[in-house]
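Beneath this line is the structure, given in structure tokens, with notes to follow.
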Amino acid sequence: MEPKTLFDKVWDAHVVEKIEGGPSVLYIDKHLIHEVTSPQAFAGLESRGLKVFRPEKTVATPDHNIPTVNQHLKIEDELSRNQIETLTANCKKNDITLYGLNHPKNGIVHVVGPELGHTQPGMTMVCGDSHTSTHGAFGAVAFGIGTSEVEMVLATQCILQPKPKRMRITIDGELQKGVTAKDLTLYVIAQLGTGGATGYFVEYAGSAVRNLTMEGRMTVCNMSIEMGARGGMIAPDETTFEYVKGREFAPKGEDWDKAVAKWKELKTDDGAVFDKEYTYKAEDIEPMLTYGTNPGMGTGISGNIPRAEEVEASELPTFKKSLEYMGFGLGDKLLGKKVDYVFVGSCTNGRIEDLRMLASLVKGKKKADSVTAWIVPGSKQVEKQAQEEGLVEVLEEAGFELRQPGCSACLAMNDDKIPAGKYSVSTSNRNFEGRQGPGSRTLLASPLTAAAAAVTGVITDPRELF
Amino acid sequence: MPIDKFTVLESSYVPLPIENVDTDQIIPARFLKATSREGFGENLFRDWRFAADGSENKDFVLNNPKYSGQILVAGKNFGSGSSREHAAWAVHDYGFKVVVSSFFADIFRNNALNNGVLPVVVSPEFLSKVFAAVEADNSQKLVVDLEEQSISLNGEKEEFEINPYKKNCLLNGFDDIDYLLDKKENIEEFEK
Ligand code: SF4
């Protein structure tokens, strides 16, 4: 048999049929939905007089638009409330499992899926959200879709998709102390640029990736879309099985053994060919920070913003416009720059391990008075675990407060908006203009770098604070 | 949603020579709270078009009466970022039927096609000429011919690629869901 990549194995097993010269009809094992990108899909379905085809394969949770304080109260903003009520009504009408607001399992869709065991190796998964790539950490083919496609999946459990090309990114070696999965992914994106992987599905490989925890792997796969990739994935191994085992929707007993036997075959065969390959050394990576208005504009924390002569001439106007928005100059050093807000959360870095990282650094220190910090767990379960592990206490002693779970300032759809002109060190995934609120200025970083900024009030190398 | 049929379009165009225009610029998240598909055009490029107090930003190209038309021409890597189809709805609702760039983000391209907006990929050289031409003469037109898969500027023609299946959908106004619904039997068979 011809050697195959991990991606090909999973994709090919889900092709119902291929249209000559066109896309494939791809069967979807798990469909995740939330309040913002699904209402028009349900409305479309209804106008065609259709019911949801396989309701047991769809799971819903409101997350994008929910408040992160006083979740037990009625949502004040009428439009937001309406979206959440619409999701609730649509799920009820169509027998779809919903982890609604105040449900003990509510949270950000890409945090909830894995922690409940909905996400499993070898699956095809979609969601009307580009960071669906997160689930690729388990060896699933998972990618974001638009609302028309949400409607397709509701109607037929399939979507029409052209097959992406294959890319492998190998990172060998050992990450230095204080360097995290987030730094690894920001480093790769800085190398490839925001469009560098457009048209590709990426497999991450190499010893530095293998050594990551599941949380770390999710952080890496989560940001695949930020270099344009359709998705990212990592071959499942003992770390994966260990994480999935015993979770609510994971296979049990005999089924479990059978599943693991199958999952063990999910890896790229020797000799399989990729359309593109990149290799990096883990030792070259230091804590990373972005300085511009797309995630590819990043540098090691001790570095500086490129000087004019270091930027390609054709890209200089866009580059300068971006720096102008950020209030930075060509060639500026980042260390020591003032920080107003710190946001720790999102589907990139809102998991329990991220809160542990944060707590490990701020323990025994105090939050800088000049900094407003928003710590937002990715889910109710993460919140609960943080309480049980005593992390909340550590954070409170250092002057931090935990908000309630949700997407929050990652996209600032609710009230969690960074004011215009203010600098925010954020563990989320996008630093676009206005992403965290109109006029906000975002610097993407790891939870450790965010913690260091929160206690010093300026950009600080976290390695100096251990 | 059945989509508009597309065959040939001749129109003046609006130049937006900025690279990496992301979906948060096309339609900021705070305008995603609607539960219908209509009305998003009003907030297309919201934070570039309007100042914080709601007044028009005179420098932005959509507010410049010199430029109009059903074609938007943008710098490379248009539509990166989020999967929000609201971005495609906003472009469509505003009145654009074609977006021209030298590079598109994947999800935006799919979303545009699913809403009858044709993304046309041209070479960087052709794109520069298109920008230069409209600067010299704002009544300059582009002709986009889907059947022929060509775009022309003053008689200079360039061919563009489109998946034959999607081309057929656009030419006839078909949408993917109709296609998939026809395949229900095969899908049920696959499930076994
Ligand atoms: S946390 Fe941010 S990136 Fe993740 S699903 Fe929510 S809005 Fe999207």
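Labels below follow one simple rule: chain letters A, B, ... track the order of the sequence lines, proteins then strands, and each chain is numbered from 1. All figures in this text were calculated on a predicted structure; none of them were measured in a lab.
Interface residue B:L180: backbone and side-chain heavy atoms are both found under 4.5 Å from chain A. In this structure, the portion of B:S36 lying under 4.5 Å from any heavy atom of chain A is its backbone and not its side chain. Only the side chain of B:Q25 comes within contact range of chain A, with at least one heavy atom under 4.5 Å from a heavy atom of that chain. Heavy atoms of B:P28 lying under 4.5 Å from chain A are absent altogether. Interface residue B:K183: only side-chain heavy atoms are found under 4.5 Å from chain A. Proximity to chain B is limited to the side chain of A:F53, based on heavy atoms less than 4.5 angstrom apart.
No salt bridge links A:R435 with B:D22; every basic N to acidic carboxylate O contact stays at or beyond 4.0 Å. A salt bridge is defined here as a Lys NZ or Arg NE, NH1 or NH2 lying under 4.0 Å from an Asp or Glu carboxylate O, and B:D178 with A:R48 meets this definition.
For residues 138-162 of chain B, a heavy-atom distance under 4.5 Å to chain A picks out no residue at all. For residues 72-90 of chain B, the interface with chain A (any heavy-atom pair closer than 4.5 Å) comprises B:K76, B:N77, B:S80, B:G81, B:S82, B:S83, B:R84, B:E85, B:H86, B:W89, sorted by residue number. Contact residues of residues 185-192 of chain B toward chain A are B:N186, B:I187, B:E188, B:F190, B:E191 (heavy-atom distance under 4.5 Å).
Shown here are the side chain to side chain contact (heavy atoms under 4.5 Å, CB included) partners of B:D4, two or more places apart in sequence or in another chain: B:H92, B:K97.
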